[in-house]
Each structure stands twice: as C-alpha cells, then as structure tokens.
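One structure is given below, encoded as structure tokens.
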Amino acid sequence: MTASTLDRLYTLRQLQDAGYGDRITLTKRIHRDEIPAVKVGNRYMVYESDLRRLVQPVNDVAGKPSAASPLAEDLDDLAALAARMVATWPRLSDDRKRELGALLATP
C-alpha cells in the first residue's frame with residue numbers, strides 16, 4: 001500500500017464533486033490499475049496521497065510549467081529575488097576572481 005494509515009480517504013463522489021472526473025471514469029481507471037484504491041464496504045476510496053495520480057500536467061513543455069500556473073508565478077518571483085540578490089553582491093576585483101576560480105578548480 002502506498003499511503004500511510006493517517007492518510008485521508010476520499011469517495012469517488014467526493015472526487016467527482018472536486019473535479020477529478022466522473023465516477024464512472026474513475027472506476028474504470030481503478031479497474032485498469034491506473035489509480036490505486038481501496039474498497040471500504042461497497043465503495044471505492046482513494047487515499048489523499050494518491051490524488052496526484054488523478055491529474056495530468058497541461059502544457060508542460062520540457063518540464064517547465066505553463067505561464068498560467070501558480071508554480072510559474074512562484075518561479076518568476078524566485079528568479080526576480082535571485083536577480084536582486086546578485087545585483088547587491090559586492091563586485092570582485094580581477095585578482096579576487098582568479099583566486100576564487102583557482103579555489104573552485106581545486107579538487
């Protein structure tokens with residue numbers, strides 16, 4: 001089993017209502033072993049930790065998130081922060097750059 005014992009369980013109706021797909025489609029995916037599920041009584045239930053298996057990335061080009069994704073916005077914010085940090089670093093003289101290069105090249 002891939003989930004911990006404290007992991008929340010969701011019914012297929014709950015997943016349908018949350019927008020993960022139609023109950024019939026979810027059931028078919030369970031029978032095709034695309035989605036891990038457990039049976040409680042006469043209901044299939046899916047662990048919260050397995051919900052990631054229900055979604056597929058859209059417009060995921062070479063591992064980069066689409067421009068509309070919140071992750072892309074976070075990455076843009078991170079890039080802007082990194083650029084500001086680098087801009088405030090003190091400038092190194094040519095001698096210091098050579099020393100630093102020699103230190104980094106040493107195995």
Side-chain angles (χ1 to χ4, degrees):
M1 186 180 303
T2 60
S4 75
T5 56
L6 299 177
D7 211 356
R8 181 174 174 185
L9 284 168
Y10 292 93
T11 65
L12 298 186
R13 164 104 39 211
Q14 289 171 316
L15 296 176
Q16 175 181 299
D17 293 345
Y20 283 96
D22 184 76
R23 285 184 316 144
I24 294 170
T25 303
L26 293 170
T27 303
K28 287 178 184 177
R29 291 183 68 192
I30 289 168
H31 287 288
R32 291 191 306 248
D33 291 329
E34 294 175 15
I35 304 169
V38 294
K39 204 161 189 183
V40 178
N42 63 351
R43 292 186 195 191
Y44 286 109
M45 300 188 84
V46 177
Y47 283 103
E48 185 173 29
S49 61
D50 290 324
L51 292 181
R52 63 180 166 69
R53 296 175 186 226
L54 298 175
V55 296
Q56 297 173 345
V58 177
N59 298 331
D60 186 19
V61 180
K64 295 180 184 175
S66 67
S69 91
L71 180 57
E73 293 172 13
D74 290 344
L75 292 176
D76 289 342
D77 291 344
L78 184 59
L81 175 62
R84 284 195 306 271
M85 287 176 59
V86 170
T88 61
W89 287 348
R91 300 291 176 215
L92 297 176
S93 68
D94 289 338
D95 288 337
R96 290 289 183 193
K97 288 179 186 176
R98 278 191 289 279
E99 289 175 20
L100 183 58
L103 287 171
L104 292 174
T106 305

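Numbers here simply count residues along the sequence, with the first being 1.
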Residue pairs meeting ring pair (Phe, Tyr, Trp, His ring centres under 6.0 Å), one or both in residues 24-44, sequence neighbours left out, come to His31-Tyr44
Closest non-hydrogen contact found for Ala37 with Val46 is CB-CG2, 4.3 Å
* **Side-chain heavy atoms of Tyr47 within contact of Arg8, under 4.5 Å** => no
Under 3.5 Å, side-chain donor or acceptor atoms of residues 21-28 against the rest of the protein: list the pairs with distances, not counting sequence neighbours.
unit_1, atom_1, unit_2, atom_2, d
Asp22, OD2, Ile24, N, 2.9
Thr27, OG1, Arg23, O, 2.8

Got a sec, which residues hit side chain to side chain contact (heavy atoms under 4.5 Å, CB included) with [X], two or more places apart in sequence or on another chain?
| X | value |
| --- | --- |
| Asp94 | Lys97, Arg98 |
| Arg96 | Leu92, Ser93, Glu99 |
| Thr11 | Arg13, Gln14, Arg43, Met45 |

CG of Leu51 to CD1 of Ile35, rounded to nearest 0.5 Å, is 9.5 Å
Here the salt bridge (Lys or Arg N to Asp or Glu O under 4.0 Å) pairs for residues 31-41, sequence neighbours left out, are Arg29-Glu34, Arg32-Glu34
